Amino acid sequence: MYCVQFKRMKIAVEGCMHGDLDKVYDTIKYIENTRNIKIDLLLCCGDFQAVRNEKDMDSLNVPPKYREMKSFWKYYSGQEVAPVPTIFIGGNHEASNYLWELYYGGWAAPNIYFLGFAGVVKFGNIRIGGLSGIYNARNYCLGHHERPPYNDNTIRSVYHVREYDVHKLMHLEDPIDIFLSHDWPLGITDFGNWQQLVRYKKHFKDEIQQGTLGSKPAAQLLEKLKPSYWFSAHLHCKFTALVEHEEGGRVTKFLALDKCLPGRKFLQIVDIESDPGPYEVQYDEEWLAITRKLNCVFPLTLRRGDFGRTQLDMQDCRQWVKSRMEDRGAKPCEFSQTAPPHKPSDSVSNTTFSGSPRNPQTVSFLELLDLPYVLDNALDSRDTPTSLPQKDDYSEDIPIEDEDDLEDGEPNNENRSS
């Protein structure tokens, strides 16, 4: 007889990063020092803004007056190293050209892992899934047709959630411990204190009462996957909910957090029972099998994907993936730069556009699964038909600066939620 040892993994959950890595990591260090604890993992729920250089800002859907280099470039260049393993998803304010290179997921910088447009990884024995972007009904059924350099339409549509990525996630059967989305699942406010929410976010009231606040595909995934935890951001406020699922008595603890600003509730520590470690990011066998099986219907044009013709015999596919992982190992391949990092000493940017390079991590991932590289296929985004919707005539984006910012005092990195 022997006793299985468990510990409590301490996970820091952060809302919208907006490129402020220095501030978030400083806050984590402050918490570790004042509480005498060690944070094992940081999860970021989007608007990460992995901007490597000035040229990346051309792919960032942010008004020019709000475009700043912020601090990601330091971690990309190696000047700084993330003090805690970090996993993030994309939101609606991203360097979309860079994230497209890592569509299947990969290291955006050393110790900073992007989950991909949709993805699942393991950290220790904790299974973490995520869906990047935000929901827009007009573009949901289209393929991933956008390519850099983006025009006025595609710089927005590139981060809209696609049916194909949700379709892949809906095939997950093994239990998920944590799921990340940028926007909230539709109807999640029914499971929390929405009356308190609208007292300080008055403009949410009509959408809540009309049942339109949130993402419909995220709600479908919540119902299907029933993860133990679901973390979101996007709406720049903290909100909690408890979803009791009908099947099997499973419960999902929902938490949405704010953006990284003084006095805002942007960070919370969550304890999750786990094995004793050591912990590292590893590929997930089931997710690799789903990716391999469905890559043949990956839609890369304006046409909707034809998912019905793919028979998912996952047993054989999982066995194939398991055999490959036994030979190669489950660790993602090493980080590598594909564009020059920002140099503060340069008064003028000398970064020129070179298309969307083939990231060696993505090439390695596809070789592992014996799949072709297709991310540079399909039409050029500059040739996007004019019949596509122009700039949306309704508000889908929460602005970088919202009305609450006017109430903030002087900067203070020690403000946090726990």
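The structure displayed is predicted, hence computed values, not measured ones. Values below: every heavy atom of this structure, side chains too, minus hydrogens, waters and symmetry copies.
- For an aromatic pair to be called close, the ring centres must be under 6.0 Å apart, and F117 with Y104 fails this.
- In terms of heavy atoms, S274 sits closest to M9 at OG-CB, 3.5 Å.
- From L257, atom CG reaches atom CZ of F266 across 9.5 Å, with rounding to the nearest 0.5 Å.
- Using cut-offs of 30° and 60° for the angle between ring planes, the W100 and H144 rings count as tilted.
- Residues L369 and R292 share a closest heavy-atom pair of O-NE, 2.9 Å.
- In this model, no donor atom of one side chain and acceptor atom of the other lie less than 3.5 Å apart for S71 and Y25.
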After noting the C-alpha distance and the side-chain angles of T338 and E101, does the key distance pass the side-chain hydrogen bond (donor to acceptor under 3.5 Å, both in side chains) rule?
CA-CA 9 Å; T338 54; E101 288 180 29; 2.7 Å; yes
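- By the 6.0 Å contact criterion, NZ on K224 is enclosed, its count of non-hydrogen atoms from other residues, nucleotides or ligands being greater than 12.
- Y103 has its side chain out of reach of T362: every pair of non-hydrogen atoms, C-beta onward, lies at least 4.5 Å apart.
- Aromatic pair F88/F114: ring centres closer than 6.0 Å.
- Y98 carries R52 over the face of its six-membered ring, with the cationic atom under 6.0 Å from the centre and within 45° of the normal.
- Checking Y113, F335, Y75 one by one against W107, the ring-ring contact (aromatic ring centres under 6.0 Å, His included) holds for a single residue, Y113.
- Looking at H342 and E54, their side chains do bring a donor and an acceptor atom within 3.5 Å of each other.
- Other residues, nucleotides and ligands contribute more than 12 heavy atoms inside 6.0 Å of the CD atom of E326.
- Salt bridge absent: K168 and E163 never bring a charged side-chain N and a carboxylate O closer than 4.0 Å.
- Once rounded to the nearest 0.5 Å, the distance linking SG of C260 with NE2 of H18 reads 9.5 Å.
- Between the OH atom in Y159 and the NE2 atom in H182 there is a gap of 9.5 Å [rounded to 0.5 Å].
- To the nearest 0.5 Å, atom CG of residue L255 and atom CZ of residue F239 are 10.5 Å apart.
- Of all heavy-atom pairs spanning I176 and V120, the tightest one is CD1-CG1, 4.1 Å.
- When the shell of 6.0 Å around NZ of K74 is examined, it contains more than 12 heavy atoms from other residues, nucleotides or ligands.
- For the pair K23 and D26, the salt-bridge criterion is not met [side-chain N within less than 4.0 Å of a carboxylate O].
- Remark: E334 CD is loosely packed, at most 12 non-hydrogen atoms of other residues, nucleotides or ligands lying under 6.0 Å away.
- When every heavy atom of E146 is checked against every heavy atom of S157, the shortest pair comes out as OE2-OG, 2.7 Å.
- Side-chain contact between M17 and K259 is absent, with no heavy-atom pair separated by less than 4.5 Å.
- Between D271 and K10, at least one side-chain N (NZ, or NE/NH1/NH2) sits under 4.0 Å from a carboxylate O, which counts as a salt bridge.
- Between atom OG of residue S228 and atom CD1 of residue I272 there is a gap of 7.5 Å, rounded to the nearest 0.5 Å.
- V62 is not listed as a side-chain neighbour of E68, based on a closest heavy-atom distance of 4.5 Å or more.
- The pair D376-R147 does not meet the salt-bridge criterion, since no charged nitrogen lies less than 4.0 angstrom from a carboxylate oxygen.
- A salt bridge links R127 with E286: the distance from a Lys NZ or Arg NE/NH1/NH2 to an Asp or Glu carboxylate oxygen falls below 4.0 Å.
- The shortest side-chain heavy-atom distance between T189 and L213 falls under the 4.5 Å cut-off.
- Two residues are said to be in side-chain contact when any heavy atoms from C-beta on lie closer than 4.5 Å; N136 and V161 fail this criterion.
- In this view, K70 and D20 satisfy the salt bridge (charged side-chain N to carboxylate O under 4.0 Å, His left out) rule, not counting sequence neighbours.
- Side-chain contact check for V24 versus D22: every heavy-atom pair is 4.5 Å or farther apart.
- Residues D56 and S59 have side chains that never bring a donor and an acceptor to within less than 3.5 angstrom of each other.
- Residues T86 and N111 have side chains not in contact (no heavy-atom distance under 4.5 Å, counting atoms from C-beta outward).
- Minimum heavy-atom separation, C317 to A289: SG-O, 3.4 Å.
- The distance from atom SG of C141 to atom CG of L302, rounded to the nearest 0.5 Å, is 12.5 Å.
- The aromatic rings of H167 and F307 lie parallel to each other, their planes meeting at an angle below 30°, with 60° marking the opposite boundary.
- Remark: the W230 side chain and the S232 side chain contain an N/O donor-acceptor pair separated by less than 3.5 Å.
- Residue D40 comes nearest to R8 through the heavy atom pair OD2-O, 4.2 Å, listed as atom of the first residue, atom of the second, then distance.
- Here the two rings, on F298 and Y164, have centers that are under 6.0 Å apart.
- Counting non-hydrogen atoms of other residues, nucleotides and ligands closer than 6.0 Å to CG of D327 gives a total above 12.
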Under the side-chain contact (heavy atoms from CB on, under 4.5 Å) criterion, do I178 and I11 qualify, and how do the steps go?
CA-CA 11 Å; I178 297 171; I11 299 176; 3.7 Å; yes
Determine, step by step, whether L294 and V297 satisfy the side-chain contact (heavy atoms from CB on, under 4.5 Å) criterion, reporting the C-alpha distance in whole Å, the side-chain angles of both residues, the deciding distance to 0.1 Å, and the verdict.
CA-CA 6 Å; L294 288 175; V297 290; 4.1 Å; yes
